Amino acid sequence: MATIKHFHPFINQELTNCPIPTINDYLLLACQKFCEKTEVWKYTSPAIDVVEDQQDYEPVLPDGAQIVLSIWINFDGTEIKPGPEPYLHSLSPYQLINNTSRSFEVRGTDSIHLNFKPRRDITAGLTARFVLSPKRGEGNLGGREIPDVIFERWRNEIAAGAKAELMKMKDKSWSNHGQSMIYDNVFDNAIINARSAAAKGYTNRPQMVVMRPAV
């Protein structure tokens, strides 16, 4: 995995007086925006053991990563769809007895909520594939990671996204509005191209999920 610090050689020469923490912050923002808009970071989490009556699960994600959307989630070998928790009065007697009304939600950016109660323990019964992005937060931003394949293919363009925003700052020694517009175009075109490339890699259409804070 590459880290935010690996982008420094592609940005430092043009922003020699910009503080490293500021550079790291804007590089992370560019990486996050790039991954979210292109969906290039696809990840299959290790299988999770299902516990009877337990509805909330936390998939194992790479350090410093967050879920953007789900590509697929399988429960006991069967794909389940995203959707809100059903009202009991809306279910048929068959659904209530056999627990066939199955859906899920991604809550926050790192957990799965099943909108039904599993009726038994199932070893490795829950598997999922997600689109991820780096997450912001406290700590060592320069150590945030992205897959090597994204860094190797798109490092110059992601660095351009960070430089564009940094150069838009007013009254800084590195301010350069004209150059920022050029880097904006580089970054925006890369997003279009990367999103097209990522879409060709899907076997199933990505499913948008309801995002809300974990409770």
Side-chain angles (χ1 to χ4, degrees), residues 1-46 59-71 106 108-110 129-202 206 208 211:
M1 298 281 278
T3 68
I4 295 300
K5 291 181 180 179
H6 284 94
F7 288 94
H8 286 183
F10 306 95
I11 196 170
N12 287 355
Q13 290 183 349
E14 295 178 74
L15 295 104
T16 53
N17 296 320
C18 185
I20 293 299
T22 303
I23 289 176
N24 287 343
D25 192 31
Y26 279 83
L27 279 169
L28 182 58
L29 283 172
C31 286
Q32 189 177 51
K33 181 179 180 179
F34 187 83
C35 290
E36 290 176 355
K37 287 186 173 292
T38 62
E39 303 172 7
V40 292
W41 187 356
K42 295 188 279 289
Y43 170 82
T44 302
S45 65
V60 177
L61 303 177
D63 289 341
Q66 63 184 5
I67 298 170
V68 176
L69 56 84
S70 68
I71 300 174
V106 172
T109 57
D110 59 3
R129 186 164 174 81
F130 303 107
V131 171
L132 304 181
S133 77
K135 65 181 177 182
R136 300 197 67 198
E138 302 298 328
N140 178 22
L141 299 186
R144 290 286 196 274
E145 295 180 333
I146 65 168
D148 289 329
V149 64
I150 297 175
F151 174 78
E152 293 297 334
R153 175 62 183 86
W154 303 105
R155 58 194 177 193
N156 289 302
E157 290 82 358
I158 293 172
K163 287 187 285 189
E165 296 304 317
L166 286 164
M167 290 179 176
K168 291 174 187 175
M169 291 182 174
K170 295 182 179 180
D171 302 323
K172 302 292 183 182
S173 62
W174 59 86
S175 301
N176 190 331
H177 181 70
Q179 190 64 38
S180 73
M181 295 177 65
I182 295 174
Y183 283 135
D184 262 337
N185 287 333
V186 172
F187 187 59
D188 291 343
N189 287 333
I191 286 174
I192 294 171
N193 293 333
R195 184 174 178 85
S196 176
K200 296 175 182 178
Y202 281 143
M208 294 301 295
M211 306 294 286

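Given the structure is predicted, the values throughout are model-derived calculations rather than measurements.
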>> Quick check against the 3.5 Å criterion: does D148 have a side-chain atom that pairs as donor or acceptor with the backbone of A2?
In response: yes
> Taking R155 for the side chain and F10 for the main chain, is one N or O donor matched with an acceptor at less than 3.5 Å?
Replying inline: no
>> Within this structure, what is the CG-CD distance for the pair L166 and E14, rounded to the nearest 0.5 Å?
In response: 11.0 Å
> Sequence neighbours excluded, which residues qualify as salt bridge (charged side-chain N to carboxylate O under 4.0 Å, His left out) partners of K172?
Replying inline: none
>> Minimum heavy-atom separation for W41 and C35, please, with both atom names.
In response: CE3-SG, 4.2 Å
> For E165, which residues count as a salt bridge (charged side-chain N to carboxylate O under 4.0 Å, His left out) partner, sequence neighbours excluded?
Replying inline: K168
> K170 and S175: which non-hydrogen atoms are nearest, and at how many Å?
Replying inline: C-OG, 3.8 Å
> For the residue pair A65 and K135, what are the closest heavy atoms and their distance?
Replying inline: O-CD, 3.9 Å
> Does N189 reach the main-chain N or O of N185 with its side chain, forming a donor-acceptor pair under 3.5 Å?
Replying inline: yes
>> As a quick check of understanding, evaluate side chain to side chain contact (heavy atoms under 4.5 Å, CB included) for R144 and M1, giving each step before the final call.
In response: CA-CA 9 Å; R144 290 286 196 274; M1 298 281 278; over 6 Å; no
>> Whether the E157 and Y183 side chains hold a donor-acceptor pair (N or O, under 3.5 Å, no angle test) is what I'd like checked.
In response: no
> Which pair of non-hydrogen atoms, one from T109 and one from L61, has the smallest distance, and what is that distance?
Replying inline: O-CD1, 4.1 Å
> Closest heavy-atom contact between V131 and E39?
Replying inline: CG1-CA, 3.6 Å
>> Quick check for you: to the nearest 0.5 Å, what is the distance between M167 atom CE and C18 atom SG?
In response: 10.0 Å
> Closest heavy-atom contact between F130 and I67?
Replying inline: CD2-CG2, 3.7 Å
> In Å, rounded to the nearest 0.5 Å, how long is the span from CG of D110 to CG of L132?
Replying inline: 11.0 Å
>> Within this structure, what is the OG-CZ distance for the pair S45 and R129, rounded to the nearest 0.5 Å?
In response: 10.0 Å
> Would H8 and N24 satisfy side chain to side chain contact (heavy atoms under 4.5 Å, CB included), going step by step from the backbone distance to the final call?
Replying inline: CA-CA 8 Å; H8 286 183; N24 287 343; 2.6 Å; yes
>> Within this structure, what is the CG-OG1 distance for the pair N17 and T22, rounded to the nearest 0.5 Å?
In response: 12.0 Å
>> Rounded to the nearest 0.5 Å, what separates atom CD1 in I23 from atom CG in N12?
In response: 4.5 Å
> With F151, which residues qualify under ring-ring contact (aromatic ring centres under 6.0 Å, His included), at least two apart?
Replying inline: H6, F7
